[in-house]
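The next block holds one structure in the form of structure tokens; read it before the comments.
Because the structure is a prediction, the values reported are computed rather than measured.
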Amino acid sequence: MPRTRHRTGALLLLSLLVAGCAAGPSQRPAVAYRDAQQPVAPAPAPPGPAPLPGLGPPAGSALNWEDCTGETREELALPARGPSFSCSQLLTTLDSPEAPAEGTTRAALLSTGTGGVPLVVLGDIRGEPGTSVAARLALELPPEVLSTFRIIGMDRRGTGQSDPADCVPPPLRESIAGFDPLATDRMSMDRLLTAVRVSSQECLLDLDDRLQAYDSWRAAADLEELRLELDVPKLHAIGRGEASRVLTTYAQRYPGSVGRMVLDGGPDPQLDALAEGKAQAQGAEQTFDVFAADCARRGCPLGPDPRGAVLDLVRRTADASMPAANGPVGGGTVVRVLLAGLGDPERWPELASALAAARSGDAAPVSALAAPLVRDRGTDPAQLDGDLITSCNDTRLRLPAERLVHVAAEWVAEHPVFGGVFAQRLAWCAQWPEPQEDLPPPSAPGLPPIPVVATANDPLAPERGSAHLAEQLPTGIALTWQGTGHGAIGRSDCITEAATRFLVEGTTPPRGTACPA
């Protein structure tokens, strides 16, 4: 539908842009004494995990679902045989900082499966929308999950067919995505900051008071409105990677509504955006090494040194982009396509062939892989806009240009392929309006058990960060997969079985469960 530009309120905001161990039972009294006159009660022990909720009743029928099987299969290139799909829209409260608890926005939904109990699936803000993630995941889940649950994917604010964050002018979008990932000088960084500044101005004028309503805090509220609309007592959910932040925020805001949740990787709650970006760059380099070794074993088209071949391609496209029908391919485009592709090992041969073709002068395959990031695809907007806006609304970190130059130089030296693109993500937010508050840490007590999966080689959710998330969650249960990819559910039989038993049967996996590659 056509969007209305709201410029009046935006003009004002636009101006702001510029312990020890015990040997045995204690014989001390139940009350400790600070001195002889003032007894001090000991601090109460933190509550243990709440019992795992039952599945509960099937969903109500308030939402108007319509069959969308054909469109979904065609758009996602899914097999002709498989589950059917239904689509709907959910109206939720916009709740912008300028007008709390007011306004409306819509979230796109997709459901599949023959069970009646809702199981919500969320995807990363930087990748495919949640409806697409749910449709693909449904093909990988065991039959008992599909017969027990109604899998419901939700497109987060600003993504997919929810109200879009479609505001960055296409030329600037391509410039930001394709920006030289090896740039470490002030002049280059100023060019990037200029592109980001102009883009943010356009988004302010286009989205007005909606701009700062695209974040994980309000996405958690959307989930609660979805639960109420489905008329179920608890929310059962799977969050992949960065989407786990939405579910932990939900648990903080609505602890009494938490059902059976599985976090398939997630951001490290102990790190700010700066440290998190560096950790992700390191994790991406590690996963790239696995890709390169696999590629070399297969006699891949990148030759015996895939890392050297990719770096050579990045250098060649750093200053002069290669033309292609789906948009020019710059050095940043190459690295972003590689980063996205590393999370899906099943498509590594296609990724290697696309990169090799670009080295031979044919940029069309890489351009096609990059198209969802920078171009509208059917009814879905370009992914970069929603990623940029939500990521910047989720952090208060704003670095000055001098600091950004230093970070870029340090990260490119330490992580030659991916350090630059992760440093540039910090530049995206340098001139963005700061959110009013930080997201809460995942520390709500008294929740039911929540399994957290850490994958050894995940380019977007490093293993250590996911392990820290499990540690900080008071009821987190760490599971580890010694494999490769972004998301273990559906890839690792061992992890998929543990998640299935937890979701369907209510069997909590043993702490420290480790699954082989």
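- In this structure, Cys167 and Asp385 approach most closely via the heavy-atom pair N-OD2, 2.8 Å.
- Of all heavy-atom pairs between Ala517 and Gln482, the closest is CB-O, 2.8 Å.
- Between Val121 and Ile152, the closest side-chain pair of non-hydrogen atoms is not below 4.5 Å.
- Salt bridge absent: Glu225 and Arg218 never bring a charged side-chain N and a carboxylate O closer than 4.0 Å.
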For this session: Determine, step by step, whether Arg210 and Asp163 satisfy the salt bridge (charged side-chain N to carboxylate O under 4.0 Å, His left out) criterion, reporting the C-alpha distance in whole Å, the side-chain angles of both residues, the deciding distance to 0.1 Å, and the verdict.
Result: CA-CA 10 Å; Arg210 307 175 76 84; Asp163 279 342; 3.0 Å; yes
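- From Cys203, atom SG reaches atom CG of Asp208 across 12.0 Å, with rounding to the nearest 0.5 Å.
- Across all their heavy atoms, Ala183 and Ser188 have their closest contact at CB-CB, 3.7 Å.
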Exercise. Could you walk me through whether Thr287 and Asn457 pass the side-chain hydrogen bond (donor to acceptor under 3.5 Å, both in side chains) check?
Worked result: CA-CA 5 Å; Thr287 308; Asn457 302 297; 5.0 Å; no
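- Sorted by first then second residue, the disulfide bond (SG atoms under 2.5 Å apart) pairs that include residues 266-328, not counting sequence neighbours, are Cys295-Cys300.
- Side chain of Gln252 to main chain of Ser443: a donor-acceptor pair is present (N/O by atom type, distance under 3.5 Å, no hydrogens or angles).
- Between Glu102 and Leu94, every side-chain heavy-atom pair lies at or beyond the 4.5 Å cut-off.
- Remark: Arg253 is positioned above the aromatic ring of Trp217, its terminal NZ or CZ atom under 6.0 angstrom from the ring centre and at most 45 degrees off the axis.
- Inter-residue side-chain proximity for Met322 and Asp362 is flagged as unmet; no heavy-atom pair is nearer than 4.5 Å.
- Within a 6.0 Å radius of CD in Glu346, other residues, nucleotides and ligands contribute more than 12 heavy atoms.
- Salt-bridge annotation for Arg377 and Glu75: absent, with no side-chain N of the basic residue lying under 4.0 Å from a carboxylate O of the acidic one.
- Residues Thr455 and Glu463 are not in side-chain contact: their nearest non-hydrogen atoms beyond the backbone lie 4.5 Å or more apart.
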For this session: Start with the C-alpha distance between Leu235 and Val120, add both sets of side-chain angles, then the distance that settles side chain to side chain contact (heavy atoms under 4.5 Å, CB included), and finish with yes or no.
Result: CA-CA 8 Å; Leu235 183 80; Val120 177; 3.8 Å; yes
For this session: Go through the steps to decide whether Ile489 and Ile238 satisfy the test side chain to side chain contact (heavy atoms under 4.5 Å, CB included), and finish with yes or no.
Result: CA-CA 9 Å; Ile489 298 176; Ile238 296 173; 4.1 Å; yes
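- Using modelled atom types, one side-chain atom of Asp376 and one backbone atom of Ala382 make a donor-acceptor pair closer than 3.5 Å.
- Here the side chains of Gln212 and Pro97 are in contact, with some heavy-atom distance below 4.5 Å.
- Residues Pro129 and Ser132 are in side-chain contact: their nearest non-hydrogen atoms beyond the backbone lie under 4.5 Å apart.
- Between Pro306 and Ala292, the closest heavy-atom pair is CG-O, 3.6 Å.
- The side-chain heavy atoms of Leu122 and Val133, taken from C-beta on, include no pair separated by under 4.5 Å.
- Of the residues His486, Gln383, Arg156, the one that meets the side-chain hydrogen bond (donor to acceptor under 3.5 Å, both in side chains) test with Asp124 is His486.
- Proximity of Thr194 to Arg191: side-chain heavy atoms (C-beta onward) are nowhere separated by under 4.5 Å.
- Ionic pairing of Arg245 and Glu276 is present here: one or more N-O contacts between side-chain nitrogen and carboxylate oxygen are shorter than 4.0 angstrom.
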Exercise. Can you check side-chain hydrogen bond (donor to acceptor under 3.5 Å, both in side chains) on Arg157 and Thr390, steps first, answer last?
Worked result: CA-CA 8 Å; Arg157 296 183 176 207; Thr390 302; over 6 Å; no
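- Other residues, nucleotides and ligands contribute only 12 or fewer heavy atoms inside 6.0 Å of the CD atom of Gln436.
- In this structure, Tyr254 and Tyr250 have tilted ring planes: the angle between them lies in the 30° to 60° band.
- Under the 3.5 Å distance criterion, the side-chain polar atoms of Trp348 are matched with a main-chain donor or acceptor of Gly341.
- Thr92 contributes no side-chain N or O that, together with a main-chain N or O of Asp222, makes up a donor-acceptor pair within less than 3.5 Å.
- For the atom pair CD (Gln280) and CG (Asp458), the distance works out to 9.0 Å, reported to the nearest 0.5 Å.
- No side-chain donor-acceptor contact under 3.5 Å links Arg336 to the backbone of Ala370.
- Of the possible donor and acceptor atoms, one in the side chain of Asp155 sits under 3.5 Å from a partner among the backbone N and O of Gln161.
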For this session: Evaluate the criterion side chain to side chain contact (heavy atoms under 4.5 Å, CB included) for residue pair His406 and Leu404; output intermediate values, then yes/no.
Result: CA-CA 5 Å; His406 175 78; Leu404 287 168; over 6 Å; no
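- With respect to Asp312 and Arg359, a salt bridge is recorded, a charged nitrogen being found less than 4.0 Å from a carboxylate O.
- The backbone N or O of Cys392 lies less than 3.5 Å from no partner atom in the side chain of Glu434, so there is not a single donor-acceptor pair.
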Exercise. Would Asp166 and Arg173 satisfy salt bridge (charged side-chain N to carboxylate O under 4.0 Å, His left out), going step by step from the backbone distance to the final call?
Worked result: CA-CA 11 Å; Asp166 187 8; Arg173 200 182 283 148; 3.1 Å; yes
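- The backbone N or O of Asp95 lies less than 3.5 Å from no partner atom in the side chain of Thr93, so there is not a single donor-acceptor pair.
- Residue Gly265 comes nearest to Ser244 through the heavy atom pair O-OG, 2.6 Å, listed as atom of the first residue, atom of the second, then distance.
- Under the 4.0 Å criterion applied to side-chain N and carboxylate O atoms, Arg396 and Asp272 are not assigned as salt-bridge partners.
- Side chain of Ser162 to main chain of Ala108: a donor-acceptor pair is present (N/O by atom type, distance under 3.5 Å, no hydrogens or angles).
- The pair Glu414-Lys278 counts as a salt bridge, with a side-chain nitrogen and a carboxylate oxygen less than 4.0 angstrom apart.
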For this session: Carefully, step by step, assess Thr513 and Cys515 under the rule side chain to side chain contact (heavy atoms under 4.5 Å, CB included).
Result: CA-CA 7 Å; Thr513 295; Cys515 294; 4.2 Å; yes
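- Qualifying side chain to side chain contact (heavy atoms under 4.5 Å, CB included) partners for Leu91, counting only residues two or more places apart in sequence or in other chains: Arg106.
- At distances below 3.5 Å, at least one donor-acceptor pair connects side-chain atoms of Trp481 with backbone N or O atoms of Pro516.
- Among all heavy-atom pairs drawn from Gly241 and Ala461, the shortest one is CA-CB, 4.4 Å.
- The existence of a salt bridge linking Arg464 and Asp268 is excluded, since no basic side-chain nitrogen approaches an acidic carboxylate oxygen closer than 4.0 Å.
- Remark: Arg347 CZ is loosely packed, at most 12 non-hydrogen atoms of other residues, nucleotides or ligands lying under 6.0 Å away.
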